[in-house]
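Have a look at the structure below, then the notes.
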Amino acid sequence: MPEQPRARYAYLGPEGTFTEAALRALVGDEDVDTLPCADVVTALEKVRTGEADFAVVPIENSVEGGVNATLDTLATGAPLVVVGEMVVPITFVLAGLPGTALADVRRVATHPHAWAQCRGWAARQLAGAVHVPATSTAAAAAHLADAGALAGYDAALCSPLSAERYGLEVLATGVADNPRAVTRFVLVGAPGALPDPTGADKTTLMVHLPDNEAGALLHMLDQFAVRGVNLSRIESRPIGDSLGRYSFSIDLEGHIAEERVQATLIGLHRVCPLVRFLGSYPRVDGVAHRQAPGTSDADFIAAREWVEGLLDGGT
Ligand SMILES: O=C(O)C(=O)C[C@]1(C(=O)O)C=C[C@@H](O)C=C1
């Protein structure tokens, strides 16, 4: 048997990011090639160019909300689909070069989402310290370890694993404002065969609304409501070409293989000028969606057969 080539996974690097932790949790024991990238857009682009089979990128944080770079890159450009998800608990430490005193920390580098999760602690414990944006928490740690006093900052907010991996000293623990924060990551691939339905799935969509139409948002939401389709996330992003135009990034509970989800997509296609299907995939928590009365596959099939019967002259 010819040996199967190893799957290539691009991710927001360098080594030690929370995204890498999500990737490891997603692939388990599988032997894969990993391609650390400096940002989310580059990681996703590697799937579009075929340099990677998959990308793992953050999509939402329980404290700071959506990751705009991910939402916007999935919403435009060559199609990509989400094929899996992973939720990672987020724990930060403040790390510095060995010998750094907490009282001397004036400039703190980290990813903007990480700073947003620790800014209350920083205001209390490092009064007057400024945030130096980094492309990731691990990049902040790696550059401090590499450049030392020339890094341009005194400490990094990163994972305990990154502090250890880059030989930094932990100056403070318990620095997150919300100790229960989690980030959700998605596994993204090229369009093709969809993951099989499991009964506990999500579908991700991006939709535009018609311009200047009273009730357009309500009509769009109605498509889900009347078919008993629950949403687990909805957020708006500016489309970018003029003020007041927004796209909606949506996760719904269910798989495109299900009748009620197909009926919802058909409805959205009728009332929205643009609907982009971004994948159906198993929920990481395995929680099956509740089924409203009259919305099972059997209910949809029976209703369709009844109408077909009417066309054949039945009653
Ligand atoms: O910088 C990292 O370690 C990342 O994986 C990125 C990221 C994010 O984009 O939100 C992931 C999780 C944390 O919430 C902070 C940063």
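We count residues from 1, following the sequence as given. Read the numbers this way: they start at 1 and go in the same order the structure lists the ligands and their atoms. Because the structure is predicted, anything quoted here is derived from the model rather than measured. Heavy-atom basis, side chains included; hydrogens, waters and symmetry copies ignored.
Using bins of under 30°, 30° to 60° and over 60° for the plane-to-plane angle, the ring pair His131/Trp115 lands in the parallel bin.
Closest to atom 3 (O) of ligand 1, if we only count protein heavy atoms, is Thr137 OG1, 2.5 Å. Distance from atom 11 (C) of ligand 1 to its nearest protein heavy atom, with residue and atom name: Phe185 CZ, 3.9 Å.
Between Glu20 and ligand 1 there is no heavy-atom distance shorter than 4.0 Å.
Heavy atoms of Ser136 found under 4.0 angstrom from ligand 1 belong to the backbone as well as the side chain. Of all the heavy atoms of Glu64, none lies under 4.0 Å from any atom of ligand 1, so neither backbone nor side chain is involved. Contact annotation for Asn61 and ligand 1: only side-chain heavy atoms (C-beta onward) come within less than 4.0 Å of the ligand.
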- Query: Checking salt bridge (charged side-chain N to carboxylate O under 4.0 Å, His left out) for the pair Arg227/Glu259: CA distance, chi angles, key distance, verdict?
  - Reply: CA-CA 9 Å; Arg227 286 148 188 130; Glu259 293 277 346; over 6 Å; no
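Taking a cut-off of under 4.0 Å to the non-hydrogen atoms of Leu12, the atoms of ligand 1 that pass are 4 (C), 6 (C). Which parts of ligand 1 touch Thr19 is read off a 4.0 Å heavy-atom cut-off, strictly below it: atoms 4 (C), 5 (O). Of all the atoms in ligand 1, the ones that sit under 4.0 Å from a non-hydrogen atom of Gln117 are 13 (C), 14 (O). Below 4.0 Å from some heavy atom of Thr17 lie the following atoms of ligand 1, by number and element: 2 (C), 3 (O), 5 (O). Residue-ligand proximity, His113 to ligand 1, at heavy-atom distances under 4.0 Å covers atoms 8 (C), 10 (O).
Scanning all heavy atoms of the two residues, the minimum distance from Asn61 to Val182 falls at ND2-O, 3.2 Å.
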